[in-house]
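Here the structure comes first, spelled out in structure tokens, and everything after it is commentary.
Throughout, a chain's letter reflects where its sequence line sits, starting with A, and its residues are numbered from 1.
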Amino acid sequence: MINPLRGMKDLTFQESQRFNHIIETATTIAKRYGYGYIETPILEETALFRRSVGDSSDIVTKEMYQFEDKGGNDVCMRPEGTAGVVRAFVSAKLDRQPLKQKFYYYGSMFRYERPQKGRLRSFHQFGCESFGEGSVYEDFTIITMIGQIFQALGIGYELKLNSLGCSDCMPTYKRDLVTTLTTIEEELCGDCQRRIQSNPIRVLDCKNSTCQSLLATAPKLIDHLCESCNQDFKTLTALLDSADIAYCVDTHLVRGLDYYNKSAFEFVSDQIGAQSAIAGGGRYDKLVEYLDGKPTPAVGFAIGIERIMELVQMPEPTREGIYLGSMVAEGIAPLLHLATRKRQETKVTVEYNPKGFKSHMKGADKAGARYCVLIGEDELANGTLWVKDLQTKEEQTPNREAF
RNA sequence: GUGGACGUAGUUCAGUUGGUAGAGCACCUGUUUGUGGCACAGGUUGUCGCGGGUUCGAGCCCCGUCGUCCACCCCA
């Protein structure tokens, strides 16, 4: 027997229904906000992720499904969705149009990690990317949208917020931080010592408790924002306050991908184990440029589908469609033709084997059908059908053509 | 990549100091030969993850391997 690869999962029955429900709900809401569907390839040039996600990130350095294809190209399976969408945006030269463009996507992402609760090697994200809108109002709008999606799915969450500054204020802050970190370098964990050179900002969200206590006195990003970033952050928090959206400012929230600036946010759940981030995103005004497009501000986010699967409250299932069955062999053929006709309007289940009356009733019940439609000796003889509404329990015996 | 727990029927799980494999649920049939969900009765279901080893004998002990789960790490 061939089983799925490690960290990869098949979805069937209730699970696939949940999956669909999540995608449908998120899609419906994204469309209301003006987003249109974009589909991009799962396989991309490795260089794309090196330049966008970042050479120093763990995702790129150790988690990518990377290989050489038969044409000798260095390719990899997408570990996240934003890079591909931005690449598509630039490839289509949409960066040369003054229009604002908004895209939503969903699909499989791949990261070669050790599987655990809420973390698979092949997993799914639903995401949105808004291009061309530099206003912080868009940041607010996108956070509101995620909130609406979670509300529609019946999911509780906590919102964490931070500002990562911009190309004006971040570099000076980074220098200050490196200076501070260097003085306490020997007390930091090995990872953090390395990060001082490679990616000092990441030291801020180190999970090591001694590192965290050392950082208490380190300069905070939020206190070193330039005038514009500071103003935007204030505007954002004020809007969230007035919209009654609860949030907490987490000065150590640093997105794991290098391309973020200004607003960064993370939606967290305390009910799903250690992998608690259920959605994350923020502004990435420089990424289009990094990928050879014209300067274009952008904001986006992604929701981890697997992480919210067990949190979603599904709507009550309702009886739907028709169950067709016969108690005599000659009754089956007419039912097949009836099925074709009825399938133009509703779900139809046909039992191919003649069975006892009671078996058919059970079968109709199991199939979740609203109507149980049977042919017995009487019905076969006089060209009628026996029809029972399993919900109201009403019965009829219409002519076959009239039904 | 590191650590821990686990792997027995379709599924959830029992299985004693090593002695020929068990239950609930599900499924099928019947009680009821034309009225579902409920009840009762009966029935089907196994490479005990895989490969070695110890033993007269291994689901149980030992080694290896694959996988699952959880945590670290990372992140959605």
Side-chain angles (χ1 to χ4, degrees), chain A residues 1-9 12-13 22 26 53 56-64 78-82 106-128 146 157 189-192 195 199 202 205-209 253-257 260 265-269 272-282 300-309 311 319 323 325-328 353 355-372 374-380 386-391 393-395 397:
Chain A
M1 186 168 54
I2 297 174
N3 288 313
L5 290 170
R6 178 158 217 208
M8 311 209 172
K9 222 176 139 187
T12 51
F13 307 114
I22 292 167
V53 178
S56 62
S57 70
D58 279 23
I59 293 177
V60 167
T61 55
K62 47 191 186 195
E63 295 174 2
M64 292 207 298
R78 63 183 178 194
E80 59 100 42
T82 301
Y106 60 90
S108 308
M109 311 294 160
F110 299 86
R111 291 183 200 174
Y112 195 89
E113 299 181 89
R114 189 86 172 262
Q116 81 183 68
K117 191 176 178 67
R119 189 174 77 183
L120 294 166
R121 289 182 174 181
S122 164
F123 62 103
H124 299 81
Q125 290 187 342
F126 175 95
C128 286
I146 303 168
Y157 60 84
C189 71
D191 283 336
C192 285
R195 286 176 183 135
N199 198 351
R202 300 290 327 224
D205 74 341
C206 180
K207 304 297 189 301
N208 188 305
S209 54
L253 172 65
V254 175
R255 311 269 59 241
L257 293 70
Y260 289 107
F265 53 82
E266 199 166 286
F267 287 71
V268 179
S269 167
I272 53 170
Q275 306 300 316
S276 59
I278 55 176
F301 74 90
I303 297 174
I305 306 295
E306 281 79 3
R307 299 232 173 129
I308 62 170
M309 280 277 257
L311 264 31
R319 293 201 164 277
Y323 172 97
S326 174
M327 282 156 286
V328 288
N353 295 309
K355 282 184 169 182
F357 186 85
K358 190 165 176 137
S359 285
H360 281 310
M361 288 299 285
K362 282 188 179 174
D365 192 41
K366 287 245 171 60
R370 171 79 190 264
Y371 298 97
C372 179
L374 301 180
I375 290 183
E377 280 175 23
D378 297 350
E379 289 79 13
L380 191 65
W386 179 85
V387 179
K388 176 160 184 172
D389 184 331
L390 296 179
Q391 209 158 291
K393 304 185 196 300
E394 285 166 12
E395 296 176 23
T397 50

Exercise. Does CD in A:Q391 sit with more than 12 non-hydrogen atoms of other residues, nucleotides or ligands closer than 6.0 Å?
Worked result: yes

Exercise. Taking the C1' atom of each, how far is B:rC62 from B:rC69, in whole Å?
Worked result: 24 Å

Exercise. B:rU45 and B:rC25: how far apart are their C1' atoms, nearest whole angstrom?
Worked result: 14 Å

For this session: Nearest whole angstrom, please: distance from the P of B:rA76 to the CD1 of A:I305.
Result: 14 Å

Exercise. Do A:M8 and A:N3 come close enough that some side-chain heavy atom pair is under 4.5 Å?
Worked result: no

For this session: Please figure out whether A:I272 or A:G280 has its closest RNA chain B nucleotide nearer the 5' end.
Result: A:I272

Exercise. Does the side chain of A:P79 come within less than 4.5 Å of A:M109's, by heavy atoms?
Worked result: no

Seminar exercise, completed: The nucleotide from B:rC75, B:rA76, B:rC74 with an atom nearest the side chain of A:D58 is B:rC74

Exercise. Taking the six-membered ring for Trp, are A:F301 and A:F126 parallel (under 30°), tilted (30 to 60°) or perpendicular (over 60°)?
Worked result: tilted

Problem set entry | Upstream residue (5' side of RNA chain B) when A:G273 and A:M8 are each assigned their closest nucleotide | A:M8

For this session: With C1' as the reference atom in both, quote the distance from B:rA23 to B:rU44 in angstrom, rounded to an integer.
Result: 16 Å

Exercise. Roughly, in whole Å, what's the span from NZ in A:K117 to P in B:rC72?
Worked result: 13 Å

Exercise. When all nucleic acid strands are considered with a 4.0 Å heavy-atom cut-off, which category describes A:F126: base, sugar-phosphate, or nothing?
Worked result: nothing

For this session: May I ask you to decide if A:I278's main-chain N or O and A:R307's side chain share a donor-acceptor pair within less than 3.5 Å?
Result: no

Problem set entry | Protein-nucleotide distance (A:E63, atom CD; B:rA76, atom C1'), rounded to Å | 12 Å

Exercise. Is there a side-chain contact between A:K388 and A:M361 (heavy atoms, below 4.5 Å)?
Worked result: yes

For this session: For nucleotides 33-41 of chain B, just jot down a letter per nucleotide in 5' to 3' order: B, S or -, based on protein non-hydrogen atoms under 4.0 Å.
Result: -BBBB----

Exercise. When all nucleic acid strands are considered with a 4.0 Å heavy-atom cut-off, which category describes A:G7: base, sugar-phosphate, or nothing?
Worked result: sugar-phosphate

Exercise. Is any N or O donor-acceptor pair between the side chain of A:R202 and the base of B:rC74 shorter than 3.5 Å?
Worked result: no

For this session: Round to the nearest Å and state the distance from A:R121 atom CZ to B:rC69 atom C1'.
Result: 14 Å

Exercise. Counting a pair only when it is Watson-Crick or G-U and both distances are under 3.5 Å, which runs of at least 3 such pairs involve RNA chain B?
Worked result: B:1-7 with B:66-72, B:10-13 with B:22-25, B:27-31 with B:39-43, B:49-53 with B:61-65

Exercise. Any side-chain heavy atom of A:Y106 sitting closer than 4.5 Å to one from A:I305?
Worked result: no

Problem set entry | P spacing across the pair B:rA58 / B:rC13, given as an integer number of angstrom | 28 Å

For this session: For B:rC6 versus B:rU16, give the span between their P atoms, rounded off to a whole number of Å.
Result: 14 Å

Problem set entry | A:H360 NE2 to B:rC28 P, straight-line distance once rounded to whole Å | 13 Å

Exercise. Which value, in whole Å, describes the distance between the P atoms of nucleotides B:rG46 and B:rG64?
Worked result: 32 Å

Seminar exercise, completed: Output for pair (A:K355 NZ, A:M327 CE), nearest 0.5 Å, gives 12.0 Å

For this session: To the nearest Å, give me how far apart CG (A:L253) and C1' (B:rC75) are.
Result: 12 Å

For this session: When you get a sec, tell me which of B:rC74, B:rG1, B:rC75 is the closest nucleotide to the side chain of A:R114?
Result: B:rG1

Exercise. For the side chain of A:A302, counting heavy atoms from C-beta on, which of B:rC75, B:rA76, B:rC70 is nearest?
Worked result: B:rA76

Exercise. OP1 or OP2 of B:rA71 less than 4.0 angstrom from a side-chain nitrogen or oxygen of A:Q116, does that happen here?
Worked result: yes

Exercise. Between A:I59 and A:E80, is any pair of side-chain heavy atoms under 4.5 Å apart?
Worked result: no

Exercise. Using atom C1' of each nucleotide, how far apart are B:rA76 and B:rG4 to the nearest Å?
Worked result: 26 Å

For this session: Determine yes or no for a side-chain-to-main-chain donor-acceptor pair under 3.5 angstrom, with A:R111 supplying the side chain and A:R121 the backbone.
Result: no

Exercise. Starting at CD of A:Q275 and ending at C1' of B:rA71, how long is that distance when rounded to a whole Å?
Worked result: 9 Å

Problem set entry | Nearest-nucleotide pick for A:Q125, side chain only, options being B:rC70, B:rC75, B:rA76 | B:rA76

For this session: Would you please confirm or rule out a distance under 4.0 Å between OP1 or OP2 of B:rC66 and any side-chain N or O of A:R6?
Result: no

Exercise. Going by heavy atoms in the side chains, are A:L390 and A:Y323 under 4.5 Å from each other?
Worked result: no

For this session: For the pair A:H124 (side chain) and A:E306 (backbone), establish whether a donor and an acceptor sit closer than 3.5 Å, ignoring hydrogens and angles.
Result: no

For this session: Test for a donor-acceptor pair under 3.5 Å between the base of B:rC74 and the side chain of A:R111, counting only N and O atoms.
Result: no

Exercise. Could you state the CG-C1' distance from A:L120 to B:rC69, rounded to the nearest angstrom?
Worked result: 12 Å

Problem set entry | Distance, P atom - from B:rA21 to B:rG3, rounded to whole angstrom | 37 Å

